[in-house]
Structures are given as structure tokens and as C-alpha cells.
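Let me begin by presenting the structure, written as C-alpha cells, before commenting on it.
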Protein chains: 2
Amino acid sequence: MLTDRQVLILQVIVDDFIRYALPVGSRSLSKKEEISFSSATIRNEMADLEELGFIEKTHTSSGRIPSEKGYRYYVDHLLAPQELQSADLRIIKSIFAERIYELEKIVQKSARILSEMTSYTSIVLGPAVKDNRLRRLQIVPLNRETATAIIVTDTGHVENRTFHFPSGVSPSEVEKMVNILNEKLSGVPLVELNAKIYKEIAAILRRHIQNYDLMTEVLGETFKIPSNEKIFFGGKTNMLNQPDFTDLEKVRGLMSMIEQEDGLSEMIRQNPEGISVKIGRENNNSAMENCSLITATYSVGAEKLGTIAMLGPTRMEYSRVIPLLKIVSADMSAVLTKLYQNG
Amino acid sequence: MLTDRQVLILQVIVDDFIRYALPVGSRSLSKKEEISFSSATIRNEMADLEELGFIEKTHTSSGRIPSEKGYRYYVDHLLAPQELQSADLRIIKSIFAERIYELEKIVQKSARILSEMTSYTSIVLGPAVKDNRLRRLQIVPLNRETATAIIVTDTGHVENRTFHFPSGVSPSEVEKMVNILNEKLSGVPLVELNAKIYKEIAAILRRHIQNYDLMTEVLGETFKIPSNEKIFFGGKTNMLNQPDFTDLEKVRGLMSMIEQEDGLSEMIRQNPEGISVKIGRENNNSAMENCSLITATYSVGAEKLGTIAMLGPTRMEYSRVIPLLKIVSADMSAVLTKLYQNG
DNA sequence: GTTAGCACTCTCTTAAGATGAGTGCTAATT
DNA sequence: AATTAGCACTCATCTTAAGAGAGTGCTAAC
């Protein structure tokens, strides 16, 4: 168990290091307002804190920096429920000031603004399209050989694919088919479309449509909806400007991890609902060793839709980013709930 | 005017430096097969080449590296019409092996494969959507308040926007309006849609549609088509692995230039039709000082559609990348011409 | 015109000393 | 018993010096 004084010292060390990115020594600590005892006392306390694993040295005679355990303690116990700075608050409100009707627009704008405010990298996972429900299917012939199939979901998301048009299928038949499919499949989650077509609708179609086989083969391909969430970025290269990343090797690793979107989105998706902070190796990813990831989920009503995340150095401004993400995710949930539930 | 021997030496210097990224000295040059005279002779020739501005030293007693002028001469005069390596050729052919019906798919795949083959960064500008022609307009109501407008173009490109649905407009009226618009606007380039609506169709609409004003205002917004080409990347972070970019400052500049898509696409678009090579400062961009950009346009029939570009260090393998881009752009043009002109 | 030879230049590496920030420990003080 | 002053010690960083190696420019010989 830490004494009050140890906690105070830990707090000041973390705050100072977050601010200046330099190891903190006993002498400079003793000069802080909050601290009323001598550097020697601090040295003793720091020795204990180090033994307990909360801080560490970069070399034998350096000042201390927080360890991952230290950051963890700081995040869990030392972050007073922080007020958001009013300037920050104003900017956030401006995201949601104008009425927007498209989820992607909101998501993109949030990502951009968050990264600009913090100079960290923001990552937003959109909702998985596969859970949307079919609102309307449409087939638009382009020429004798090809046509575009369009799927509109209940959230206004549009998927489309252009395909080869089997010869021997007449336009009127296509229309008939589209009508049947619309009637039977409206409201079905996209992920279930294919199964539903084969199980329940095949019989009906076969009765009404010539060339049934050709058409379903083609449509089956079309209904292969991308299974993953869309991913949006803000400030992808912001990390290059952090003083923590002067080592080209680290930069390389980090950047290629960010490029590798699948892994990143998996890493983010794993996090639990609500706010979550993963520090350094807690992310189970070697490229993330010196990074922290803060995630917040957003939802419509009670249903989780996606995740907003901020990626920064372990030394990131938790006390600012956490309330920032809290409010953005809450606002986003509110806007989206209004958008999709009232309608 | 350069003597044959000077040209030979320049050629070998450039080839060697492209390969090993190290300044080339007279002694190592004299050991090359192609070279049958002594290092002293080479030194004399190199002194002349340097005076003429084709090569330069990194410091007083270093070997020589090509200057931008040297690369320029190399590209203009020393690149024998190069055969593409058969391995490369096979990979390229595989891009176009399977039948694809969507331009974006082809473009994306090309970008990815080009970057993987070369370990440079590939950038592909898609065609500007605004020049596509309207094939079909569709409005799909989502709920009482919102609807999604969908525009399908003759190339199978789909644009969509979700908008607020003015109260007091009945579904049947919307349908009537959509029908009129489809009839009158089919085949019109997207960029002209708005003007056409106001000039020619307004009168007709006003006669048939109640709430005409509300609807056109909303649709006007919807028809604001993004004016720029879509841009696709392959291997965005490949440049980090080039030995030329060990300086973090350069990396920063380059990366943020790449992130800044508008400027980049402008820089690429400026280039003339066909193949173009811009070396270092020829790109008029400080972040590109140590980079070259090779661009190739692709087209449908005679109409230029877009540009494929490869971004690498000035020290890039021109002799490989140029034929690579030539063939990819030609193949792409062929596929797209077949796709869009026969139909 | 070409080449061998040589003095010279500059980078890079290594080592050594000087500096300074910071520590750990001990003994004195409160 | 807790705190603090004092001091020896450690280590990164900076500066300087020296040596090695790659390469050049110039001169004189071929």
C-alpha cells in the first residue's frame, strides 16, 4: 500500500513527465509547490516507489520516469474526474452543431477534429455494415453486359457492386426478381441475406424466374458484404511529431502497424464497452510498446455501434483525452440515437 | 556535349548509386567490367562531369553521387528501351487476369501490387466522378424524416447522400419527380446536373410538383458532386524503408505531404499525358527534394481518365519502374476501354 | 592521352577527459 | 523515528584528439 506522500510524489512525477517528456529528478521535484520536503526525502521515497515498480530509471543516475504500472495507477486512482477545458468543449460542440444525416460524415469529422485537438492519432471504427438491415435492393443496368446492384440499408448506408449480366436474362425478369427480393428481404440483416435467399426464397424465385441459376449465382457474389467495420483515421502521422518517437525503428513499426488496418481494428474492437485505457504492452502488440490506446464505444440506444480511439505515446495526456473521448462518444451516441430511432 | 567516355562513366555511376545508395569512387568504378581505364583517368573525367553539374560530392573527399541534372540525363538518354523482366510481367498480367467490372477494384489492386513489387509508394488517381454521366437517379426513403439519394453513373460509379426529407412532400410526388429527372437528365455529366435542373427542368417540375422549392433545395445539395478524383495508395509507408530516408525530419515532411491528399493529387494531375518523370525539385515541392515521381496516364479510348504514379527516392529504379508503369497503364486502358466502350 | 604515385582532405570510429544531473548512503538534526 | 544535509559515486553527454580508410586533385612519368 502506498503512503499519501508516495502517491503525491508519483502523481507529480507522472504529471511532469507527461508534460516535459524528460526524466524527473529529486531536486526539481523538491522545488514544486505541492512538495514541502527535501530532495533527500524524495530520493528515499522514489527508491521505494521504484522497488514497488511504479517508476523506473533510464540509467543508473538518471531521474525517474513512470513505468507502465505507474501509469496504470495514475489512470486508475489519480485522475480526478476532470473537467473538460471550456475551449475543448466548445470545439466538440461544434462538431455536432450542424445537422448531419450521415453516420460516416459524423465519424469522419470527429476523427479529424479529435486528432487536431490532441496531436495524437484518432481512429474511429464505424458500425459493421453486415448488421445493417436491408431497406432496398436495386439493379441498374449499365449496358448490354453489365449492371450495378445497389443495396440501401436502414441506416442510409449504400453498398454497390457492378457485375456481369448473364446473357439470356431479360430486363423484365430482372425487375420481377428485384421486386420479389425486396418484398421478401426488406428488414433482413445483410449478413443473413445469402442464407435467406437460398433457404426461403429460392423456391419462389425458381417458380417465377427463368435463368434462375445464373441470376442467383451472380447475386450471391454481390451479396458478399464486407464483414468488417469501416475504419477512419485522423492525424495518421501525428505520432511522428511526438518527442517520444525519435527512433526511426520505432516509427517504422508504428506506422506499418497503423497501415495494417485489420490488425489495428481488431485490437481496438477487443476493448470493452465504455471507456477503456490500454497502456503500452497491455495492448499485446510489440509496435505499441511505447503507446497507449484509449477507446470509447458509441451506440444507438442500448446497441453498441462502434468505437472511437485515440492512439498516443504512453506519456499521453490522459486527463484531457479521457473526458474528451467520453463526451464525443456520448454526443455521437445521442445524435445517432436521435437519427435512427425516432425515424 | 559529353564525350562517349563521360557518358559511360555517368551511366555507371548512376546505375551503381541506384543499386547501392553509396557514393561511387574512382577506384571501385575502375574495377567494373565496362570500364577499361584507370582510376586516375576516371578521376579526371569525374572532375569534368562535376564541373558540368551531372554529379556531385557529399563532401570534399567522398565519391560522387548523381545530381538531379545527372538523373535527368540518365532518364532522358541512357535508359535503353528496357525489356520488362519476365517475372514482373507475369505479376502484372495477373492483375488483369480475372475479369473485373469495377474501375475502383482494378485501380486499387494495381496500386497495391505496384507498391509490393517495387517497395516504393504507388498512387493512383481515379477518374473525376464529375465527368461521368448520369445513368439513374433514385431516392430511397429511410424513415419519416430522411431519405437517401443515389446517383448511378454510366461507369457504374455510385454516389449517395442522405438528406432531410422536407415535411409536406408526399412519397408519390417524390416518385413523380424522380421519374421526370431520370427522363430528362439521363446521360448528362454530373457536373452539369445542377445547372441543367435550374435552367431547363425547373419549369417542368414546377408544373408537376407541389413543394417544388423545398425539394430542389434539398436535391441541389445532394447533387454537389465532389469535384476531385478519388485517390488510392499502395505502400504508403514503404518510403520509411528506403535507406535514403534515415533523417527523421525528411520522413516527417514526406509523410505529411502524402497525408495531405489534395496537394499530392494536384501535383500528380499536373503531369502531361503519357509517361512523365519528375526528379527531385522538378516537382516544385520541398518535401519532394529527395524524391522522384513517375506518372503514367490511363484512358478509355482517346479520353484520359486518370493517372498512375510511383513515388520513390531520386535514386529509384527508373529502368524498371518506367516500363512497369507503361505496361500497367496500357493494360488498364485496354481493360477499361473494353469495359466501357463496347457496352 | 593515359596512368602511377603521392600528399591531402574529410568522414567515421574509438578513446579519453571534463561536465553536470542525479542517485544512494551516512550521519547529523529535528 | 522521521527528515535532511552532505558527499562520494555513476552515468549520459559533450568535447577533443588520434588513427584508419576511402577518395580526391595534382604532378610527373609513360
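Note: hydrogens, waters and symmetry copies are ignored here, and every other heavy atom, side chains too, is used. Everything numeric in this text was worked out from a predicted model, so none of it was measured. Labels below follow one simple rule: chain letters A, B, ... track the order of the sequence lines, proteins then strands, and each chain is numbered from 1.
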To the nearest angstrom, the NE2-P distance between B:His59 and C:dC12 comes to 6 Å

Of D:dA5, D:dT24, C:dT3, the nucleotide closest to the side chain of A:Ala40 is D:dA5

Sorted by chain and number, sequence neighbours left out, side-chain contact (heavy atoms from CB on, under 4.5 Å) with A:Ser265 holds for A:Leu125, A:Glu229, A:Ile231, A:Arg269

So CD1 of A:Ile268 and CD of A:Glu261: to nearest 0.5 Å the spacing works out to 10.0 Å

- Any N or O donor-acceptor pair linking the side chain of B:Arg43 to the base of C:dG5 at under 3.5 Å? yes

Q. Relative to the ring of A:Tyr318, is the ring of A:Tyr71 parallel (under 30°), tilted (30 to 60°) or perpendicular (over 60°)?
A. tilted

Ranking C:dT23, D:dT4, D:dT24 by distance to the side chain of A:Ser26, first place goes to C:dT23

Between CZ of B:Phe37 and P of C:dT3 the distance, given in whole Å, is 8 Å

| request: Verify whether one side chain among A:Ser26 and A:Arg43 offers a donor that lies under 3.5 Å from an acceptor in the other. | output: yes

Looking at A:Arg64 and A:Glu56, is there a salt bridge between them, counting it only when a charged N and a carboxylate O are closer than 4.0 Å?
no

Residues of residues 4-17 of chain A with a heavy atom under 4.0 Å from any atom of DNA chain C, listed by number, are none

- Query: Per the atom types in the model, does the base of C:dC10 pair as donor or acceptor with the side chain of B:Ser61 at under 3.5 Å?
  - Reply: yes

B:Met46 atom CE is separated from D:dG25 atom P, nearest whole Å, by 7 Å

* For A:Thr41, which contact category applies under a 4.0 Å heavy-atom criterion: base, sugar-phosphate, or nothing? -> base

Between A:Thr246 and B:Leu248 the two heavy atoms that sit nearest each other are CA-CD2, 3.7 Å

